[in-house]
Amino acid sequence: MLYSASTGGFYSREINGDNIPADAVEITAADHAALLQGQTDGQRIVSDESGRPVLADPIPAIPQAPRIVTRAQGKAALIQAGLWSDVLAYVDTIEDPTQQALARVALDDTTEWRRDSLFLATAAAALGLSDADLDGLFEAAFEIVL
């Protein structure tokens, strides 16, 4: 069995013939089995400085902000951030009566607030909040227990 650092692949002379990368190094069947088992256990295969395959810890997942919070959690997060009165003031400035009514429904009648909400995006832009700011608010809201 052979392993190529450039492709991250395993090769066999019986199967691959001459189609084996030049950087491929010999590994034992036991090493091959251990590497495959490590992958099953969540580890990843990387190459050491000599090009030999070794197991490494998985790359940590990048945490994502929650996508949904309850209305109560969202309001509490806005209150704690000092933004609730700004949100209410923004809604009061919406000139179209239908859009203003829909904004009030979003604030007062929904059971959950979704990160992909059109009203949320519009209100955030009007308040000068960035995507990172919104993520922070959703993270804060998610942690609130009322």
Side-chain angles (χ1 to χ4, degrees), residues 1-12 15-16 20-25 27-146:
M1 182 66 58
L2 296 113
Y3 173 79
S4 167
S6 64
T7 67
F10 295 99
Y11 297 87
S12 166
I15 296 171
N16 302 101
I20 297 175
D23 71 333
V25 295
I27 62 169
T28 67
D31 288 342
H32 181 243
L35 291 165
L36 294 179
Q37 181 60 48
Q39 281 187 306
T40 301
D41 294 341
Q43 292 180 297
R44 60 192 170 103
I45 299 172
V46 297
S47 300
D48 66 13
E49 55 280 343
S50 66
R52 298 199 58 74
V54 294
L55 290 169
D57 290 332
I59 297 171
I62 298 171
Q64 289 191 335
R67 307 304 291 168
I68 299 172
V69 296
T70 68
R71 179 182 68 232
Q73 287 173 311
K75 283 185 175 183
L78 288 168
I79 290 166
Q80 288 177 347
L83 295 170
W84 183 241
S85 60
D86 295 338
V87 172
L88 295 176
Y90 162 70
V91 171
D92 288 341
T93 67
I94 298 174
E95 293 182 12
D96 181 281
T98 301
Q99 291 304 311
Q100 189 179 83
L102 290 172
R104 293 191 191 287
V105 168
L107 287 179
D108 299 325
D109 297 329
T110 59
T111 57
E112 60 187 28
W113 285 0
R114 299 178 53 93
R115 180 64 175 82
D116 60 356
S117 158
L118 178 59
F119 168 71
L120 179 77
T122 305
L127 297 175
L129 300 175
S130 68
D131 279 344
D133 294 333
L134 280 178
D135 286 345
L137 285 167
F138 265 74
E139 289 166 3
F142 190 75
E143 297 297 321
I144 294 173
V145 177
L146 298 170

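All residue numbers refer to positions in the sequence shown, counting from 1.
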Looking only at non-hydrogen atoms, find the nearest pair between [X] and [Y] and report the distance.
{"X": "Pro53", "Y": "Ile45", "value": "CB-CG2, 3.8 Å"}
{"X": "Asp133", "Y": "Gly128", "value": "OD2-O, 4.2 Å"}
{"X": "Pro21", "Y": "Ser6", "value": "CB-OG, 4.2 Å"}
{"X": "Val25", "Y": "Gly51", "value": "CG2-O, 3.7 Å"}

Those residues that, when tested against Val54, pass side-chain contact (heavy atoms from CB on, under 4.5 Å) (two or more places apart):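 Expected list: Val46, Asp48.
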
Sequence-distant partners of Glu112, side-chain contact (heavy atoms from CB on, under 4.5 Å), two or more places apart: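 Partners of Glu112 under the side-chain contact (heavy atoms from CB on, under 4.5 Å) test: Ile68, Arg114.
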
[X] versus [Y]: any side-chain heavy-atom pair under 4.5 Å?
{"X": "Phe10", "Y": "Leu35", "result": "yes"}
{"X": "Lys75", "Y": "Asp108", "result": "yes"}
{"X": "Gln99", "Y": "Thr122", "result": "no"}
{"X": "Leu55", "Y": "Asp41", "result": "no"}
{"X": "Pro66", "Y": "Glu139", "result": "yes"}
{"X": "Thr70", "Y": "Leu146", "result": "no"}

Can you check whether [Y]'s main-chain N or O pairs, donor with acceptor, with [X]'s side chain at less than 3.5 Å?
{"X": "Gln100", "Y": "Val91", "answer": "yes"}
{"X": "Asp92", "Y": "Ala89", "answer": "no"}
{"X": "Arg52", "Y": "Ser47", "answer": "no"}

Carboxylate-amine/guanidinium contact Asp135 Arg115, below 4.0 Å: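 Arg115 and Asp135: salt-bridged.
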
Measuring from atom [atom1] of [X] to atom [atom2] of [Y], what distance do you get when rounded to the nearest 0.5 angstrom?
{"X": "Asp109", "Y": "Arg104", "atom1": "CG", "atom2": "CZ", "result": "11.0 Å"}
{"X": "Met1", "Y": "Thr28", "atom1": "CE", "atom2": "OG1", "result": "10.0 Å"}
{"X": "Ile20", "Y": "Tyr11", "atom1": "CD1", "atom2": "OH", "result": "8.5 Å"}
{"X": "Asp23", "Y": "Tyr3", "atom1": "CG", "atom2": "OH", "result": "9.0 Å"}

Show every ring pair (Phe, Tyr, Trp, His ring centres under 6.0 Å) that has at least one partner inside residues 94-129, sequence neighbours left out.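 Checked against ring pair (Phe, Tyr, Trp, His ring centres under 6.0 Å) - neighbours excluded - no pair reaches residues 94-129.
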
Set out, in order, the CA-CA distance, both residues' side-chain angles and the distance that settles side chain to side chain contact (heavy atoms under 4.5 Å, CB included) for Leu137 and Leu129, then state yes or no. CA-CA 10 Å; Leu137 285 167; Leu129 300 175; 4.0 Å; yes

I would like to know whether Leu88 and Leu107 meet side chain to side chain contact (heavy atoms under 4.5 Å, CB included); could you show each step before the answer? CA-CA 9 Å; Leu88 295 176; Leu107 287 179; 4.2 Å; yes

Are there over 12 heavy-atom neighbours, none belonging to Tyr90, within less than 6.0 Å of that residue's OH?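 Above 12, so yes.
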
